[in-house]
Student: 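One structure coming up, written as structure tokens, with questions to follow.
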Amino acid sequence: MKVPLLDLKQQYQSIKTELDESLIRTAETQYFILGPQVEKMEKEFCDFLGCKYAIGVSSGTDALLLALMSIDVKPGDEIIVPTYSFFATAGVVSRLNAVPVFVDSDPVTFNIDPAGIEEKITEKTRAIIPVHLYGQSADMDPIMEIAERHNLLVIEDGAQAISAVYKDGSKCGTIGDIGCYSFFPSKNLGCFGDGGLLVTNDERLAEIIKIKRVHGGQPKYYHKVIGGNFRLDAIQAAVISVKLPHLGKWSEGRRKNAELYSRLFIEAGLSEKVGVTEFDRSNRVLLPKAVYKPAQVTGQMTDYHIFNQYIIRVEKREELRDYLHNNSIGCEIYYPIPFHLQECFADLGYKKGDFPVSEKQADTSLALPIYPELSDEQIEYVVQKISEFIFSN
Ligand SMILES: *Cc1c(COP(=O)(O)O)cnc(C)c1O
């Protein structure tokens, strides 16, 4: 049996007529960049996410970069980020000659550990970028509380978490000052190329984001500020508009798959070995947990986790990955090296051992196929192969 890590063709087939018609209609308008199609999509997101302003941009990375540019981050400013995330979260900070300041992860959720934030705040700190990694909300209450107390801005990296919900019912990305999303094809809501979105409830920020999205001219060709080309294509907005109404159903599919994985791992007696257990208070979804620090597991999470990734944690991770690949099962290591150990950040002076939780996560995590169209048989096959590997090693 073949189980790819992701198969977008199945999703395309399921909405092909709708999508093709929308692409042709967009071609007929010959309106390529921003314009009515993008505005329509932006309005749909305001309704969907419950926020005042949504601004379509060229990618998730550009959404983060533009967010930092919109709050006027200056060289030498410090931005607090988790050390364990996709590269863009920290890369955008350095691109503005600001300094990413790293914080270790929560051992259960992989997200930034709020307990590590406050000690990193200096008079140069401007903002915190929590990431809702793998589709699960970061713990936003303490983060917002710290930010308020120290007068810092909060920019949420929701690239993997569009439609995920934090415990109080707010959509991830709408809790802080600015939320950033990605429409990269492998995200839960992907377009046909690169695309992204910023959201905010702050009128002034929305205004400056829109101005800086197109080089900073206001009016056109008159520049008080410097922006860039962060524009979104009409065709990408058309794709997203067609897909958005299906997102809820797809998220439910991912959650159902996650639940089946976790149940099968527990039944196979593997839950400790792959770092999975049952602890979601709503008793609906079984969430991956840390293998090495079970005492940290509490009943605090009632988030709506949308499983952009389903991550297990295993000791012989590379061997298991090879074994699964040899059995036609797709899997991937996200992310093998935390920021503080990346070569490009060597001048920041961190060393191995500075953030033990993230380092352990980087050494042991493995993402399994979780896309909504997976069949139960495919999931059973994956668990069976993992079981074979673990019991023979
Ligand atoms: C994908 C991703 C980004 C960047 O999005 P792109 O659209 O690929 O530029 C940023 N942060 C996180 C956490 C991501 O997963």
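Both counts, for ligands and for their atoms, begin at 1 and track the order of listing. Numbering of residues begins at 1 and proceeds along the displayed sequence.
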Student: Should the pair E44-K40 be classified as a salt bridge under the 4.0 Å nitrogen-to-oxygen rule?
Tutor: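 K40 and E44: salt-bridged.
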Student: Which pairs count as ring-ring contact (aromatic ring centres under 6.0 Å, His included) when at least one residue sits in residues 143-162, sequence neighbours excluded?
Tutor: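 Not a single pair qualifies under ring-ring contact (aromatic ring centres under 6.0 Å, His included).
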Student: Could you list the residues that satisfy ring-ring contact (aromatic ring centres under 6.0 Å, His included) with F183, not counting sequence neighbours?
Tutor: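 Counting only residues at least two positions away or on another chain, F183 forms a ring-ring contact (aromatic ring centres under 6.0 Å, His included) with F45.
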Student: If you look at each N/O of ligand 1, which protein N/O atoms lie under 3.5 Å away, and at what distance?
Tutor:
{"residue": "ligand 1", "atom": "5 (O)", "partner": "S182", "partner atom": "OG", "Å": "3.3"}
{"residue": "ligand 1", "atom": "7 (O)", "partner": "G60", "partner atom": "N", "Å": "2.8"}
{"residue": "ligand 1", "atom": "7 (O)", "partner": "S182", "partner atom": "OG", "Å": "2.6"}
{"residue": "ligand 1", "atom": "9 (O)", "partner": "G60", "partner atom": "N", "Å": "3.4"}
{"residue": "ligand 1", "atom": "9 (O)", "partner": "T61", "partner atom": "N", "Å": "2.8"}
{"residue": "ligand 1", "atom": "9 (O)", "partner": "T61", "partner atom": "OG1", "Å": "2.5"}
{"residue": "ligand 1", "atom": "11 (N)", "partner": "D157", "partner atom": "OD1", "Å": "3.2"}
{"residue": "ligand 1", "atom": "11 (N)", "partner": "D157", "partner atom": "OD2", "Å": "2.7"}
{"residue": "ligand 1", "atom": "15 (O)", "partner": "Q160", "partner atom": "NE2", "Å": "2.7"}
{"residue": "ligand 1", "atom": "15 (O)", "partner": "K187", "partner atom": "NZ", "Å": "2.6"}

Student: Which Ile, Leu, Val, Met, Phe, Trp or Tyr residues join L341 in one cluster when any pair of side-chain heavy atoms under 4.5 Å counts as a link?
Tutor: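 Members besides L341, by chain and number: I337.
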Student: Examine F355 together with F339 and report whether their ring centres are nearer than 6.0 Å.
Tutor: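 Aromatic pair excluded; centres sit 6.0 Å or further apart.
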Student: Would you mind checking if R149 and E145 are paired as a salt bridge, meaning a charged N to carboxylate O distance below 4.0 Å?
Tutor: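 Judged by the 4.0 Å cut-off on N to carboxylate O distance, E145 and R149 do form a salt bridge.
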